[in-house]
**Student:** 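There's a structure below that I have some questions on.
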Amino acid sequence: MSYLFGFDILGTIVFAISGVLLAAKKEMDPIGALVLAVITAIGGGTIRDIVLNHGPIFWITDSTDLYIAIITSLVTMLLLRYSSSITVPKWLFSVLDAIGLAVFVGIGVNKAIYSDVNSLVAVCMGMMTGVGGGIIRDVLARDIPMVFKTDIYATACVIGGTIHVIAYNAFKLPLEYSTLIGILVTLVIRLLAIYRNLTLPIVGLKNH
């Protein structure tokens, strides 16, 4: 599934940028920004590999994602520091983030399938790969993680991961096709949520 590699790099870049942007908002120094960015980019996959006990953590055996995250962080910091004329449309960043999220979920589900775990664990590992880095980022920055707010973010991961697993286990589709279907489902749900401003209801008692 070579197409996943390119999307994986794209997701790593977008997640690293989001870490730098949050660090800038919180007025962190360059080291803080670098740490936040790298954790955002590789944190979810790191948690997944630790939980699955899937041999050495992915960025130890192949440091491509780590290098990409570091380089992206440094370039982004330089651009923020020395160029005030560069503006990225918010919708574009949201779309790229959605693509990265969807691909990370697919990669996480596949890692779990390779580890021969049950379907529920596979879906959980997909979601963790997608949102884990962002949770760590937000906690370190003392923000409420996005997945704990009403945004349809983790929900898209769960649905996409579930479709991925069902396509592979129940319908016996090749893993490549199952992965692509799951990624597309996650991506479409997330993009619809962004476009239509869809949210989940808030948990709490109604006021009388």
Side-chain angles (χ1 to χ4, degrees), residues 1-25 28 30-52 54-80 86 88-112 114 125-141 145-147 153-154 156-157 160-161 164 179-180 182-184 186-187 190-191 194:
M1 288 178 283
S2 59
Y3 67 90
L4 282 181
F5 178 76
F7 285 130
D8 174 54
I9 297 302
L10 177 62
T12 301
I13 291 172
V14 174
F15 281 14
I17 292 173
S18 74
V20 174
L21 293 178
L22 182 57
K25 180 181 177 182
M28 295 184 181
I31 297 300
L34 180 62
V35 170
L36 209 62
V38 172
I39 284 178
T40 306
I42 67 174
T46 300
I47 296 173
R48 175 203 64 220
D49 287 353
I50 292 173
V51 172
L52 290 176
H54 191 73
I57 296 170
F58 74 99
W59 51 266
I60 293 178
T61 56
D62 181 356
S63 299
T64 301
D65 285 341
L66 181 61
Y67 287 130
I68 293 295
I70 293 172
I71 293 170
T72 300
S73 305
L74 296 175
V75 171
T76 304
M77 283 188 277
L78 288 173
L79 290 175
L80 289 175
I86 297 178
V88 178
K90 185 177 180 180
W91 67 265
L92 178 59
F93 188 80
S94 297
V95 169
L96 294 176
D97 178 81
I99 294 172
L101 178 72
V103 172
F104 278 17
V105 172
I107 291 172
V109 171
N110 283 349
K111 273 289 189 79
Y114 294 145
M125 290 300 99
M127 181 184 68
M128 181 55 65
T129 305
V131 306
I135 290 176
I136 301 172
R137 173 199 65 205
D138 293 342
V139 169
L140 291 177
M146 181 183 294
V147 295
Y153 200 80
C157 299
H164 183 160
T179 303
L180 184 58
I183 288 173
L184 289 176
T186 304
L187 179 61
R190 180 59 189 148
L191 290 179
I194 294 170

**Student:** Do Thr72 and Val20 have side chains that get closer than 4.5 Å, going by heavy atoms?
**Tutor:** no
**Student:** Going by the side-chain contact (heavy atoms from CB on, under 4.5 Å) test, name the single residue among Ile107, Thr64, Ile68, Ile13 that passes it with Asp8.
**Tutor:** Ile107
**Student:** When you compare the side chain of His164 with that of Asn110, does any pair of heavy atoms fall below 4.5 Å?
**Tutor:** yes
**Student:** Counting distance only, does the side-chain N/O of Asp49 pair as donor-acceptor with the main-chain N or O of Phe58 below 3.5 Å?
**Tutor:** yes
**Student:** Can you give me the closest heavy-atom contact between Pro56 and Thr61, atom names plus distance?
**Tutor:** CB-CG2, 3.4 Å
**Student:** Atom CG of Asp138 and atom OG of Ser18: how far apart are they, to the nearest 0.5 Å?
**Tutor:** 8.5 Å
**Student:** Show every salt bridge (charged side-chain N to carboxylate O under 4.0 Å, His left out) that has at least one partner inside residues 30-44, sequence neighbours left out.
**Tutor:** none
**Student:** Using the side-chain contact (heavy atoms from CB on, under 4.5 Å) rule, take Phe7 and Ile183 through it: C-alpha gap first, then chi angles, then the decisive distance, then the call.
**Tutor:** CA-CA 11 Å; Phe7 285 130; Ile183 288 173; over 6 Å; no
**Student:** Using a 6.0 Å cut-off, check whether atom OH of Tyr67 has over 12 heavy atoms from anything other than its own residue.
**Tutor:** no
**Student:** Within the structure provided, determine whether Leu74 and Met77 are in side-chain contact (heavy-atom separation under 4.5 Å).
**Tutor:** yes
**Student:** Where do Phe15 and Gly100 come nearest, in terms of heavy atoms and distance?
**Tutor:** CZ-C, 4.1 Å
**Student:** Once side chain to side chain contact (heavy atoms under 4.5 Å, CB included) is applied, do any residues pair with Ile47, and if so which ones, sequence neighbours excluded?
**Tutor:** Val51, Met128, Ile136
**Student:** side-chain contact (heavy atoms from CB on, under 4.5 Å), that's the test. Do Leu21 and Leu80 meet it? Break it down for me.
**Tutor:** CA-CA 9 Å; Leu21 293 178; Leu80 289 175; 4.2 Å; yes
**Student:** Taking all non-hydrogen atoms of both residues, which atom of Arg190 and which atom of Ala98 are closest, and how far apart?
**Tutor:** CG-CB, 3.6 Å
**Student:** Supply the atom-to-atom distance Asp65 CG to Phe104 CZ, rounded to the nearest 0.5 angstrom.
**Tutor:** 6.0 Å
**Student:** List the atom pairs, donor and acceptor, that lie under 3.5 Å between side-chain atoms in residues 31-45 and the rest of the protein, sequence neighbours left out.
**Tutor:**
{"unit_1": "Thr40", "atom_1": "OG1", "unit_2": "Leu36", "atom_2": "O", "d": "2.6"}

**Student:** With the side chain counted from C-beta on, respond yes when Asp97 and Tyr153 share a heavy-atom pair under 4.5 Å apart, and no when they do not.
**Tutor:** yes
**Student:** Measuring from atom OG1 of Thr179 to atom CG of Leu184, what distance do you get when rounded to the nearest 0.5 angstrom?
**Tutor:** 10.5 Å
**Student:** Does the side chain of Ile50 come within less than 4.5 Å of Ile57's, by heavy atoms?
**Tutor:** yes
**Student:** Given Leu10 and Val103, is the side-chain contact (heavy atoms from CB on, under 4.5 Å) satisfied, shown in steps?
**Tutor:** CA-CA 9 Å; Leu10 177 62; Val103 172; over 6 Å; no
**Student:** Between atom CG of Leu52 and atom CE of Met125, what is the distance when rounded to the nearest 0.5 Å?
**Tutor:** 5.5 Å
**Student:** Quick one: closest heavy-atom pair of Val105 and Cys157, and the distance?
**Tutor:** CG2-SG, 3.5 Å
**Student:** Evaluate Arg137 against Leu22 for side-chain contact (heavy atoms from CB on, under 4.5 Å), listing each step before the verdict.
**Tutor:** CA-CA 9 Å; Arg137 173 199 65 205; Leu22 182 57; 3.6 Å; yes
**Student:** Can you tell me how far the OG1 atom of Thr186 sits from the CG atom of Leu191, to the nearest 0.5 Å?
**Tutor:** 10.5 Å
**Student:** Between Ala154 and Met127, what is the shortest heavy-atom contact and its length?
**Tutor:** CB-SD, 4.1 Å
